[in-house]
Amino acid sequence: MSPIAPPRGTRDLLPDEAPAWQWLHGLHATVASRFGYQLIDTPVFESTELFARGVGGGTDIVDKEMYTFVDRGDRSLTLRPEGTAPVVRAVLGAHLEQRSRPVRVHYAMPMFRYDRPQAGRHRQFAQVGVECIGERDPCYDAEVIEVAWRFITDLRIEGLDLQINTLGDREDRLRYREALVAYYTPLRDSLCDDCRRRLDVNPLRLLDCKRDAAHVASAPRIGDHLGADSRTYFASVLEHLDAAGIQYTLNARLVRGLDYYAHTAFEFWHSSLEGAQNALGGGGRYDGLAEELGFAPAPGVGYALGVERLLRVATDQGVAPGPQPPAQVVICTTGDGSGTDARDLARRLRHRTSVITDLTTRKLDRKLRDASRLGARLVLLIGLDEGLVLRNLDTREQRVVTTESAPDAVSEALLAAAQEPAG
Ligand code: AMP
């Protein structure tokens with residue numbers, strides 16, 4: 001019988017990768033909360049209708065990528081493929097926008113999409129993101145971009161490229177849609193299968209096509225179809241970004257082809273991520289989403305960044321923390337050493353650092369070798385003739401300490417060890 005493998009397109013988070021994972025999530029939560037965003041979490045599965053309406057037909061997510069199943073009560077449920085629709089449902093369902101507006105929330109959640117697995121594309125992946133719900137003002141569009149920008153800057157990732165565009169309002173997009181249909185209809189026979197479908201269902205998505213890139217290059221631009229209000233709105237977003245010292249690239253081809261997306265659309269690109277997977281994440285304004293979900297109108301803006309891609313770039317650039325030992329100190333009983341003494345000492349030391357106890361009857365050199373292998377810096381030996389011995393596994397120096405002096409001696413030795421890298 002062959003051993004059971006994880007499902008295709010999924011990955012385990014192993015302990016060696018955990019420090020980088022925790023670092024990234026900790027930093028995102030810290031940066032978002034400094035901007036007044038509070039943690040929110042939503043169910044891993046939702047009614048299918050939430051995404052069918054909230055993401056919409058004509059998108060790859062809804063048409064091809066959802067993990068949809070019928071539960072024992074005959075309900076159609078879907079594993080969450082994206083965070084915005086569930087977060088908007090949660091915020092408005094709990095009437096948070098009635099307390100104060102806008103509602104600022106951040107999240108870190110697993111997402112599920114039936115994608116073709118490849119580098120940077122998995123079937124379960126994680127996103128960190130924020131949503132700012134309840135107000136329509138360019139300052140909020142710029143604010144969420146600034147949160148993402150500060151977060152990525154704090155990760156110390158270099159080579160970031162913020163691409164930004166405006167999709168205008170509903171009337172602008174209707175005009176633009178007509179222009180796209182007029183341009184693409186004579187080209188229909190030369191389009192790929194996906195684009196022929198997009199032409200019928202969601203023409204804005206035609207601009208996402210990588211295969212028909214030549215057509216995209218000559219296609220009409222949304223910028224030529226904007227009304228005065230939309231131009232003013234976008235100019236104001238850019239002014240806020242300038243004032244915050246955030247650099248951006250204007251990209252007239254950037255679209256998020258959902259009907260309720262409006263005004264600002266943006267993506268964070270990174271040069272080290274190739275091809276279609278070059279985006280670390282993106283976001284934008286979604287003024288019609290609340291109504292689409294059956295709530296009173298509540299405009300919003302937000303972003304989502306892919307955790308695996310951020311970690312890949314951070315690891316490649318050497319800025320993510322590497323593997324950490326499970327504990328700094330191992331307390332070993334030896335000879336007649338008492339397990340009770342070891343446990344008591346461990347309990348006191350755990351106020352200061354991580355401690356593993358080795359209470360087995362194995363030989364002392366086996367215990368020392370194992371402590372070394374797991375990366376501990378110090379060993380405390382209980383039960384030797386000379387008394388309690390503190391041994392530095394890097395330098396092999398050792399000295400006798402008392403039960404009372406052991407915690408301070410351990411703290412000092414760890415401090416000294418931290419100043420010189422492990423050998
Ligand atoms: P989206 O919600 O499609 O705009 O995706 C936002 C970000 O989530 C992307 O830029 C990626 O970093 C990440 N992402 C989306 N789909 C996947 C996937 N299948 N595997 C890994 N990361 C993904």
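Order of listing sets the numbers, starting from 1, for every ligand and every atom in it.
- In Arg113, the part holding a heavy atom less than 4.0 Å from any atom of ligand 1 is the side chain.
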Step-by-step side-chain hydrogen bond (donor to acceptor under 3.5 Å, both in side chains) determination, Arg80 to Thr42: CA-CA 9 Å; Arg80 179 181 52 213; Thr42 66; 3.1 Å; yes
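- Between Lys64 and the choices Asp194, Asp193, Asp115, the salt bridge (charged side-chain N to carboxylate O under 4.0 Å, His left out) rule is met once, by Asp194.
- Checked by atom type, the side-chain pair His270/Arg309 shows no donor-acceptor distance below 3.5 Å.
- The atoms of ligand 1 that sit less than 4.0 Å from any heavy atom of Ala279 are 9 (C), 10 (O), 11 (C), 12 (O).
- In terms of polar-atom proximity, defined here as any N/O pair under 3.5 Å, Phe125 makes no such contact with ligand 1.
- Contacts with ligand 1 closer than 4.0 Å are made by side-chain heavy atoms of Arg309 only, the backbone lying farther away.
- Electrostatic pairing of Glu308 and Arg11 does not count as a salt bridge here, judged by no charged N lying under 4.0 Å from a carboxylate O.
- In terms of N/O distances under 3.5 Å, ligand 1 is approached by Leu280.
- Taking distance alone, with nitrogen or oxygen atoms compared against 3.5 Å, Gly282 stays at or beyond that limit from ligand 1.
- With respect to the salt-bridge test (charged N to carboxylate O, under 4.0 angstrom), the residues Asp224 and Arg175 do not qualify.
- Here the two rings, on Tyr37 and His106, have centers that are 6.0 Å apart or farther.
- Checking only distances, Gln127 does come within under 3.5 Å of ligand 1, N or O to N or O.
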